[in-house]
**Student:** 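A single structure is presented below for examination.
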Amino acid sequence: MGYKITIDGPAGTGKGTLAKSLSEILNIVNVDSGSLYRTLGLYAIRTGLEPTNMEKLEKVLGEIDIELKEVDGKLQPHLDGENVAGYIRTEDVARVTSKFASIKIVREYMAERQRRLAKDRNIIIEGRDLGSSVFPDAELKIFLNADVKERANRRYKQLLEKGEDITFEKALEMIETRDHADSTREVSPLIKTEDMEEIDSTNMSIEQVVERAIELVKMKGLI
Ligand code: DC
């Protein structure tokens, strides 16, 4: 049995950056659970699968293979054997994905894959419902938060760098829409449970956030 560190929180708080840094410092596997959900979103865009067609969705989940496989020492999302890491980080994929992320059978499918990845090893895993639902027994549960305007500003800059056509107002609207979808869905909504350690990164640098997280790792006796 290994130990599990979960990081949950809304979009744009820097969960991915924190998880990557921690996995390098602690030398443990990093699982980006959102990439599994995004791979289904990509599949839906490619095939025209609708989130309202439950019968078809159930059949698809029984047939497709969404997996994280190790490539160059990192876990990368694969769709029926194809490495799709280069296609899932777009706003189009994010938008479609959030419609599927609220569906119970989708969450069950993803949770099963996440638990399989965590079997018998130390992992750090980030997303929305890891500490609250998928791994309630995790040794350290971090809830990473930040002010919505700050998160929108970070996302705005990231998208500008990627060359996407974006304004700050649009970035804010996208983050607010995703916050609403993440925290109001019926199945495993984004919540902070009592046993989570909150880090508010609004006025913190990445280094400060990592430092605080390492303090928590030590406090839990994991290193
Ligand atoms: O963290 P992200 O932006 O890559 O997440 C993509 C989508 O997947 C987003 O709509 C939230 C959803 N998601 C989720 O519902 N549960 C998770 N554990 C991870 C992501």
Side-chain angles (χ1 to χ4, degrees), residues 4-20 23 30-45 49 51 57 61 66-68 74-79 84-118 123-136 138 141-146 148 151-152 154-159 162 164 166 171-193 196 201:
K4 291 176 270 302
I5 299 175
T6 59
I7 305 176
D8 292 300
T13 48
K15 296 188 298 289
T17 312
L18 173 61
K20 188 166 169 284
S23 82
N30 175 18
V31 178
D32 165 9
S33 71
S35 68
L36 288 168
Y37 286 88
R38 282 172 182 262
T39 301
L40 179 64
L42 177 71
Y43 174 91
I45 290 175
L49 176 68
L57 177 60
L61 290 176
I66 294 179
E67 252 189 299
L68 297 184
K74 270 192 215 138
L75 290 177
Q76 303 211 350
H78 285 70
L79 174 57
V84 292
Y87 307 112
I88 59 164
R89 303 253 147 243
T90 66
E91 281 308 311
D92 263 359
V93 170
R95 194 173 33 79
V96 173
T97 303
S98 76
K99 294 186 187 152
F100 285 90
S102 62
I103 301 170
K104 189 161 183 257
I105 53 170
V106 169
R107 302 206 72 83
E108 284 168 357
Y109 176 96
M110 300 302 171
E112 198 266 324
R113 263 150 190 76
Q114 290 156 24
R115 291 191 188 113
R116 221 193 286 161
L117 280 163
I123 66 159
I124 175 141
I125 180 162
E126 51 105 351
R128 306 292 191 285
D129 62 339
L130 285 323
S132 58
S133 170
V134 184
F135 298 113
K141 304 178 182 184
I142 295 174
F143 189 84
L144 190 59
N145 213 344
V148 68
R151 292 188 282 123
R154 291 177 195 172
R155 189 49 58 93
Y156 168 61
K157 287 183 187 156
Q158 271 172 4
L159 293 173
K162 277 206 223 157
E164 294 209 20
I166 185 83
L172 180 62
E173 190 194 313
M174 283 178 341
I175 291 268
E176 282 175 338
T177 306
R178 215 166 313 158
D179 278 1
H180 184 74
D182 282 339
S183 51
T184 58
R185 69 170 162 253
E186 265 175 48
V187 198
S188 338
L190 169 69
I191 47 161
K192 176 181 171 286
T193 55
M196 287 183 187
S201 74

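Basis for what follows: all heavy atoms, side chains included, without hydrogens, waters or symmetry-related copies. Start at 1 and go down the list; that is how both ligands and their atoms are numbered.
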**Student:** List ligand 1 atoms under 4.0 Å from S98, heavy atoms only on the residue side.
**Tutor:** 10 (O)
**Student:** I need the nearest protein heavy-atom contact for atom 8 (O) of ligand 1: residue, atom name and distance, please.
**Tutor:** Y37 CB, 3.6 Å
**Student:** So how far is it from N145 CG to R151 CZ, rounded to the nearest 0.5 Å?
**Tutor:** 6.5 Å
**Student:** Atom 19 (C) of ligand 1: which protein heavy atom is closest, and how many Å away?
**Tutor:** S33 OG, 3.3 Å
**Student:** For S35, is at least one N or O under 3.5 Å away from an N or O on ligand 1?
**Tutor:** no
**Student:** Can a donor-acceptor pair be found, under 3.5 Å and without considering hydrogens, that links the side chain of R185 to the backbone of S188?
**Tutor:** yes
**Student:** Roughly how far, to the nearest 0.5 Å, is the CZ atom of R154 from the CG atom of L159?
**Tutor:** 14.0 Å
**Student:** Numbering the atoms of ligand 1 from 1, which are under 4.0 Å from a heavy atom of D182?
**Tutor:** 11 (C)
**Student:** Could you check atom 15 (O) of ligand 1 against the protein and tell me its nearest heavy-atom contact, residue, atom and distance included?
**Tutor:** R107 NH1, 2.9 Å
**Student:** Do other residues, nucleotides or ligands put more than 12 heavy atoms under 6.0 Å from K192 NZ?
**Tutor:** yes
**Student:** Do any pairs count as a side chain to side chain donor-acceptor pair (under 3.5 Å) and have a residue in residues 100-110, sequence neighbours left out, and if so which ones?
**Tutor:** Y37-R107, K104-E108, R107-D129, Y109-R113
**Student:** How far is atom 7 (C) of ligand 1 from its nearest protein heavy atom, and which residue and atom is that?
**Tutor:** T97 CG2, 3.7 Å
**Student:** What is the distance from atom CG of D182 to atom CG of L190, rounded to the nearest 0.5 Å?
**Tutor:** 6.0 Å
**Student:** Just by distance, do the side chain of R155 and the backbone of A171 share a donor-acceptor pair under 3.5 Å?
**Tutor:** no
**Student:** Where is the nearest protein heavy atom to atom 20 (C) of ligand 1: which residue, which atom, and how far?
**Tutor:** G34 CA, 3.6 Å
**Student:** How far is atom 12 (C) of ligand 1 from the closest protein heavy atom, and which atom is that?
**Tutor:** A101 CB, 3.9 Å
**Student:** Can you tell me which residue and heavy atom of the protein come closest to atom 4 (O) of ligand 1, and the distance to 0.1 Å?
**Tutor:** R38 NE, 2.7 Å
**Student:** Got a donor-acceptor contact below 3.5 angstrom from the K4 side chain to the K141 backbone?
**Tutor:** no
**Student:** Is the contact between R178 and ligand 1 made by the side chain, the backbone, both, or neither, using heavy atoms and a 4.0 Å cut-off?
**Tutor:** side chain
**Student:** Does any N or O atom in R128 lie less than 3.5 angstrom from one in ligand 1, N or O only?
**Tutor:** yes
**Student:** With heavy atoms of D129 as the reference, note each atom of ligand 1 found under 4.0 Å away.
**Tutor:** 18 (N)
**Student:** Which one holds for R185 and ligand 1: side chain close, backbone close, both close, or neither close, with close meaning a heavy atom under 4.0 Å?
**Tutor:** side chain
**Student:** With R38, which residues qualify under salt bridge (charged side-chain N to carboxylate O under 4.0 Å, His left out), at least two apart?
**Tutor:** none
